[in-house]
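Quantities reported herein were computed from a predicted structural model and do not represent experimental measurements.
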Amino acid sequence: VQLQASGGGLVQAGDSLILSCAASGSTFSDYNVGWFRQAPGKERQSVVAISWSNNMVFSNSVKDRFTISRDNAKNTVHLQMNNLRPEDTAVYYCAAARQWRYARFADKYHYWGQGTLVTVSS
């Protein structure tokens with residue numbers, strides 16, 4: 001499966017942004033999708049993941065601000081980010097994997113999009 005992330009940009013603290021992950025090349029509904037982010041000089045971290053059956057797992061830092069949804073008919077996952085903070089600044093990646101039990105572990109994802117930069121100014 002091929003993934004393409006989009007929607008990043010420069011916003012101010014408190015603003016909202018929607019990231020999209022478009023999939024092609026395989027049966028998208030078979031895959032769990034995770035969003036990860038990597039800030040300069042830091043390790044890639046899990047943001048949120050959604051299973052093929054719409055189970056979700058959020059990191060504590062975003063669970064009250066971000067939501068995730070998927071549209072299997074359109075092979076797309078959306079990440080709605082609200083009340084953005086400067087510490088949310090990072091390159092955001094979407095990834096796909098078959099096993100849900102490892103949803104928060106980047107090394108368990110086999111397919112990755114190219115990343116989209118989100119910059120939040122204070």
(request) Carefully, step by step, assess Val91 and Phe36 under the rule side chain to side chain contact (heavy atoms under 4.5 Å, CB included). (result) CA-CA 8 Å; Val91 177; Phe36 294 81; over 6 Å; no
So, for [X] and [Y], which heavy atoms are closest and what is the spacing to 0.1 Å?
X: Asp30; Y: Arg98; value: CB-NH1, 3.6 Å
X: Ser16; Y: Leu84; value: C-CD1, 4.1 Å
X: Ile50; Y: Trp100; value: C-CZ3, 3.5 Å
X: Gly7; Y: Thr116; value: N-OG1, 3.9 Å
X: Lys42; Y: Gln38; value: O-NE2, 3.1 Å
X: Val118; Y: Gly8; value: CG2-CA, 4.1 Å

State the [atom1]-[atom2] distance between [X] and [Y], to the nearest 0.5 angstrom.
X: Glu87; Y: Ser61; atom1: CD; atom2: OG; answer: 8.5 Å
X: Ser29; Y: Asp71; atom1: OG; atom2: CG; answer: 11.0 Å
X: Leu10; Y: Gln12; atom1: CG; atom2: CD; answer: 8.0 Å

For the pair [X] (side chain) and [Y] (backbone), establish whether a donor and an acceptor sit closer than 3.5 Å, ignoring hydrogens and angles.
X: Tyr109; Y: Ala103; answer: yes
X: Arg104; Y: Ser46; answer: no
X: Thr119; Y: Thr89; answer: no
X: Asn32; Y: Trp52; answer: yes

(request) Among His78, Met56, Gln80, find the residue that satisfies the side-chain contact (heavy atoms from CB on, under 4.5 Å) test when tested with Thr67. (result) Gln80
(request) For a side-chain contact (heavy atoms from CB on, under 4.5 Å) with Phe66, tell me which candidate from Val47, Leu19, Val48 qualifies. (result) Val47
Are [Y] and [X] linked, directly or through intermediate hydrophobic residues, by side-chain heavy-atom contacts shorter than 4.5 Å (ILVMFWY only)?
X: Tyr92; Y: Val33; answer: yes
X: Leu79; Y: Val77; answer: yes
X: Tyr93; Y: Val1; answer: no
X: Trp35; Y: Ile18; answer: no

Neighbour count above 12 (heavy atom, 6.0 Å) for [X] [atom1]:
X: Gln114; atom1: CD; value: yes
X: Trp112; atom1: CH2; value: yes
X: Gln45; atom1: CD; value: yes

(request) For Ala22, enumerate each residue passing the side chain to side chain contact (heavy atoms under 4.5 Å, CB included) test, keeping only those at least two apart in sequence or located in another chain. (result) none
(message) Please enumerate all residues that pass side chain to side chain contact (heavy atoms under 4.5 Å, CB included) together with Ser122, with sequence neighbours excluded.
(response) Pro86
(request) Taking the side chain as every heavy atom from C-beta outward, state whether Leu17 and Asp15 have any pair of such atoms under 4.5 Å apart. (result) no
(message) Using the rule given for side chain to side chain contact (heavy atoms under 4.5 Å, CB included), can you reason through Arg37 versus Asp88, listing the C-alpha separation, both sets of side-chain angles and the distance that settles it, and then say yes or no?
(response) CA-CA 9 Å; Arg37 66 186 181 187; Asp88 294 319; 2.9 Å; yes
(message) Would Arg70 pass as a cation-pi partner of Phe28, given that its NZ or CZ must be under 6.0 Å from the six-membered ring centre and within 45 degrees of the axis?
(response) yes
